[in-house]
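Note sheet for the following structure.
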There are 2 protein chains.
Amino acid sequence: MSARRTQAERRAATIAKLTDATIAVLADVGYAQASTKVICERAGCSQGALFRHFATRLDLVAEATLAIEARHLDRFATFFEGWGGKWPALAAFVRAQTRTPVHAAWREVVVAARTDVELRERVGPVLQRFETWLMAIPVRSLGAAPRRAEHAGMVFLSVLHLFDSEAGTAALHRNEELEAGRLRWAADILRREIAPD
Amino acid sequence: MSARRTQAERRAATIAKLTDATIAVLADVGYAQASTKVICERAGCSQGALFRHFATRLDLVAEATLAIEARHLDRFATFFEGWGGKWPALAAFVRAQTRTPVHAAWREVVVAARTDVELRERVGPVLQRFETWLMAIPVRSLGAAPRRAEHAGMVFLSVLHLFDSEAGTAALHRNEELEAGRLRWAADILRREIAPD
DNA sequence: CCACAAAGATAGCGAGCACTCCCTATCTGA
DNA sequence: TCAGATAGGGAGTGCTCGCTATCTTTGTGG
C-alpha cells in the first residue's frame, strides 16, 4: 500500500500530523481540553509516538504555534498578491482571517500564555515577529507612504486587533447589523489612514 | 472575636468571598488552572463550603461573571460622572479598564465559553446585555447626537475591542511606542466620530 | 433551653491528565 | 543480509481534577 519511506520522512510526516491536529483541536475544544490523548486521536497516532517527538505537551503547542504563524503569513501574502486596491475587500479579508479556526487556535495559545510563564517565553517572540511583519504591510503591500510607515502600520494592526476581539465575542453572541457597520467603518479607516493621497 | 451573624449573613459573606476569589484566581492563573481547590484557598474556605452554595464549578464561574459585569458597570458609571469632555482621558480610561485584573478574568471566561456549550449559554446573555449598555454610552454620557447613536455606539465599542485585544497581547510582548501612538489615535477617533459638532 | 436546620470542614472517590516503560515494527549502513 | 538504530504502539504510573458523603459547628424558632 504505502510506499517505503525513509526514517526522516516518517518522522516529518508524524510531526506534521501532530502539529496539524494540535491546531485543529485547539480551535475545536480550546487549550484546556486539548489533551494529548485527543490530539493523538485526531492525528491518528499513539501517545507514545507523540512523546517520542515532543518532550512535553508544551513543546508540541509551541511547535504548533510556529505552524500557525506560517499559515498566517501565507494567507496574508497570497491575498496581497491578488489585491486590487479595494479597501472594503481588505477589511473583509482581515475580518475573515480573525474568524478562521487557525486564528481561534492562535487566540487560545495567546490567552493561555498570559498565565503560563514557559509558554509565554516560547510564544512571545513569535508574537513579536508576527506583529513586526504586520506593521510593515502597509508600506510593503498597500502603497502607504514610507514617511507614514509607523502610523499606517499602527492603524493596520489596530484594525486587526479590532476584528480579533470582535471574533472572540462573536462566538458567544452575534449582532449582524453592528458587525456590518463595523466592517464598512474599518474599510473607511484603512483607506483614509493608509491609502496614499 | 467575630460578632454573631445570622445564617443569611454567613451565607452571603461566603458566596461573596468565593466569587471575589474566583475573579482573582481567573486573573492570576487563567481559566484552566482556576481549580476549586485554589479558589477555596484564596477565599479562605473549604471545598465543602463551596459545593454547598454552588452545584458545579461552572455555576461558580457563571456567578463570578455577573460580579465582573457589575464591577465593569460601576467603574464606567463612576468615570463618566467626573469626565470633563476630555477625549484623551476617555481613551486612557478605556485602555486602563481593559488592563485590569477584572477584565483579564472576563477575557478568560469569554475565551473559555467559546468551546464550552453550557458556559456559553450562561455568559452569552451577560455579554449581550453588557454590549447593549456600552453601545448606549455615547448618547447617554458623551454628548453624542441621538441621530448618530448607532454609529457612535459602534465606534465606542470598537475602541474597547481594540484595547481588549491589545491588552491580551501586551501580556506577552510590549511595544510602548506603538501603544502610545495607538492611544493618541484612539482619542482622535473618539472625538472625531462621537463628539457633537 | 433544646430539637432542628443550615453552614462549613475533612476525607476520599472515580475519572482523566501528562508522561513513562517497554515492546514491536520499520529503516539504515556496512 | 543482518546488527544496530530509530519510529510507533499499548499498557500502565502517580497526580490532580470536580465532586460527594459524612461529620462537626453555628444559628433558628418555639
Side-chain angles (χ1 to χ4, degrees), chain A residues 1-22 25-26 28-64 108-109 112 115-119 122, chain B residues 1-22 25-26 28-64 108-109 112 115-119 122:
Chain A
M1 202 49 157
S2 68
R4 183 184 169 94
R5 295 181 300 171
T6 67
Q7 298 280 56
E9 281 168 347
R10 291 173 72 195
R11 180 185 179 84
T14 301
I15 289 177
K17 276 199 306 179
L18 282 166
T19 51
D20 286 358
T22 302
V25 170
L26 282 172
D28 274 6
V29 303
Y31 185 84
Q33 278 71 44
S35 66
T36 53
K37 188 183 174 218
V38 173
I39 291 170
C40 286
E41 281 166 4
R42 185 86 162 224
C45 73
S46 67
Q47 298 192 59
L50 189 159
F51 284 102
R52 173 160 304 280
H53 301 294
F54 301 97
T56 64
R57 182 181 96 123
L58 197 142
D59 276 337
L60 172 60
V61 172
E63 192 66 29
E108 291 288 332
V109 173
T115 52
D116 184 318
V117 185
E118 201 179 338
L119 189 59
R122 304 281 291 266
Chain B
M1 204 46 160
S2 67
R4 183 187 169 92
R5 296 181 300 171
T6 67
Q7 298 279 54
E9 281 168 347
R10 291 174 70 195
R11 180 184 179 85
T14 301
I15 289 177
K17 276 198 307 181
L18 281 167
T19 51
D20 286 357
T22 302
V25 170
L26 282 171
D28 274 6
V29 303
Y31 185 84
Q33 278 71 41
S35 66
T36 54
K37 186 181 175 222
V38 173
I39 291 171
C40 285
E41 281 165 4
R42 185 86 163 224
C45 74
S46 67
Q47 297 192 58
L50 189 160
F51 284 103
R52 175 160 304 279
H53 300 294
F54 301 97
T56 64
R57 181 180 98 122
L58 197 142
D59 276 337
L60 171 61
V61 172
E63 193 65 29
E108 291 288 334
V109 172
T115 51
D116 184 319
V117 185
E118 202 179 338
L119 188 59
R122 304 282 292 267

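No experiment lies behind these values; they were computed from the predicted model shown. Quick note on labels: first sequence line is chain A, next is B, and so on, each numbered from 1.
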Sugar-phosphate only, base, or nothing, as touched by B:R57 at under 4.0 Å among non-hydrogen atoms: sugar-phosphate

Candidate nucleotides D:dG9, D:dA7, C:dG8, ranked by approach to the side chain of A:R11 - the nearest: D:dA7

Length of the NE2-C1' vector between A:H53 and D:dG8, whole Å: 8 Å

First of B:L58 and A:S46 reached from the 5' end of DNA chain D, by closest nucleotide: A:S46

Any A:T36 side-chain nitrogen or oxygen under 4.0 Å from OP1 or OP2 of C:dC17: no

B:Y31 six-ring centre to B:R57 NZ/CZ under 6.0 Å and within 45° of normal: yes

Test item: A:E108 side-chain N/O and A:L26 main-chain N/O as donor-acceptor pair under 3.5 Å: no

Whole-Å distance separating the NZ atom of A:K17 from the P atom of D:dG9: 7 Å

Integer-rounded Å distance: D:dA7 C1' and A:Q7 CD: 6 Å

Toward the 5' end of DNA chain D, by each residue's nearest nucleotide, B:V38 or B:A8: B:V38

From C:dC27, C:dC19, C:dC17, nucleotide with atom closest to A:T56 side chain: C:dC19

Side chain of A:T6 (C-beta onward), nearest among C:dT10, D:dG18, C:dT28: C:dT28

Length of the CD-P vector between A:E9 and C:dT26, whole Å: 16 Å

Sugar-phosphate, base or nothing in reach of B:R52, heavy atoms under 4.0 Å: base

Test item: side-chain donor near acceptor, B:Q47 and B:T36, under 3.5 Å: yes

Separation of atom CD in B:Q33 from atom C1' in D:dC17, rounded to whole Å: 12 Å

Closest nucleotide among C:dA18, D:dG18, D:dA7 to the B:S35 side chain: D:dG18

A:E9, CD: over 12 other non-hydrogen atoms inside 6.0 angstrom: yes

Check: B:R42 side chain, B:D20 main-chain N or O, donor-acceptor pair, under 3.5 Å: no

Nearest-angstrom distance from the residue atom CZ of A:F51 to C1' of D:dG10: 14 Å

Minimum-distance nucleotide (side-chain atoms of A:R10 versus D:dG27, D:dG8, D:dG18): D:dG8

For atom NZ of A:K37 and atom C1' of D:dG9, their distance in whole Å: 15 Å

Length of the CD-C1' vector between A:Q47 and D:dT13, whole Å: 13 Å

